[in-house]
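Here the structure comes first, spelled out in structure tokens, and everything after it is commentary.
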Amino acid sequence: MTVSERIDAVYAIAPHRAAYSPEEDAAHELAAAWMREAGLEVLRDGAGNLFGTRGDARVWAGSHLDSVPTAGRFDGVLGVVAAIEAAARLPDRPLAAVAFRAEETGPLGCKRIETRPDAYLELHIEQGPVLAELGEPLGVVTAIAGQARGTRVFEGHADHAGTTPIALRRDALVEAARFVLHVRECAREGTVATVGYLECEPNATNVVPAKVTVSVDARSAEAALLDRLIEEIGFDVHWRSDPVPMGDAFAAVLPDAPRLVSGAGHDAMFVPNPSMLFVRSLNGGVSHHPDELSSEEDIALAVDALTAALDRLTAP
Ligand SMILES: [Zn+2]
């Protein structure tokens with residue numbers, strides 16, 4: 001089977017393969033069969049992560065097979081299938097192809113890795129429009145952005161929408177609306193910030209809003225910029241991760257490919273010495289959506305690059 005046929009076969013199990021669901025299990029079974037076909041020994045760790053290993057596997061490549069409810073067919077699956085293909089093309093090399101559990105949803109899975117590699121390579125669809133804008137098929141990831149998530153709460157007073165003069169109102173939603181614009185203005189070069197969720201109370205057509213909770217998602221590949229962004233926006237941080245710099249395993253085989261930051265989190269955040277390569281997303285960079293798309297030509301180039309990087313790292 002070709003890489004594209006294998007990607008289709010995983011999608012045919014079900015577009016939505018939740019962590020530890022029968023659908024994710026079925027995808028792991030399929031991948032395990034392909035690993036054996038590629039001459040790899042199949043192992044599973046305590047968290048259910050799947051390893052196809054050969055020899056003293058100090059270099060790993062892979063991604064995840066779980067997916068979100070509205071998923072496309074490339075997110076995660078591409079990295080696993082490409083790793084198995086690259087392993088088959090390098091039949092005498094010690095390495096492992098890996099499918100991590102629960103990348104999309106779980107606190108378990110890849111964070112419970114029991115053995116640790118010298119290097120980890122992950123091929124992934126970009127899930128954004130940058131490479132398509134540049135007209136480039138592949139991009140070397142320099143870092144996975146650090147993220148801060150939290151909220152800001154605005155308190156007002158619930159009054160009658162018809163009888164309370166504008167000048168006498170304390171409208172929490174008007175203050176929240178100003179804050180949404182402020183968040184947007186704070187995000188400059190090297191950072192992004194998003195308000196994606198509002199909770200308005202009492203959320204009634206004829207009542208002045210009394211309380212609004214606003215979510216904030218702020219990201220940057222540089223810790224200092226992220227700190228400054230959090231400070232400038234002004235919100236209660238509930239969760240935060242530091243940026244994770246990526247290694248040069250792909251840069252070594254693609255010296256001229258564009259460099260870009262990953263705004264999204266990936267399995268590579270939780271594995272030692274990670275390097276990542278992005279494949280161009282078509283259809284405007286849409287992801288976590290059935291229209292998610294990378295071309296067969298771009299995927300072929302990416303699999304070649306992954307094979308070259310693994311070849312270089314596992315050369316005797
Ligand atoms: Zn993914």
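Any value given below was found using the heavy atoms of this structure, including those in side chains, with hydrogens, waters and symmetry copies removed. Whatever order the structure lists ligands and atoms in, that order sets their numbers, starting from 1. Computed from a predicted structure; not experimentally measured.
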For the atom pair OH (Y197) and OG1 (T213), what is the distance rounded to the nearest 0.5 Å? 7.5 Å
Looking only at N, O or S atoms in D75, which is nearest to the Zn ion (ligand 1)? OD1
Give a yes-or-no answer on whether the side chains of D171 and H157 include a donor-acceptor pair shorter than 3.5 Å. no
Quick one: do the D75 and H288 side chains pair a donor with an acceptor below 3.5 Å? yes
Can you tell me if E103 has an N, O or S atom under 2.8 Å away from the Zn ion (ligand 1)? no
Is the distance from the Zn ion (ligand 1) to some N, O or S atom of H266 under 2.8 Å? no
In this structure, CE of M276 is separated from CD of E122 (nearest 0.5 Å) by 4.0 Å
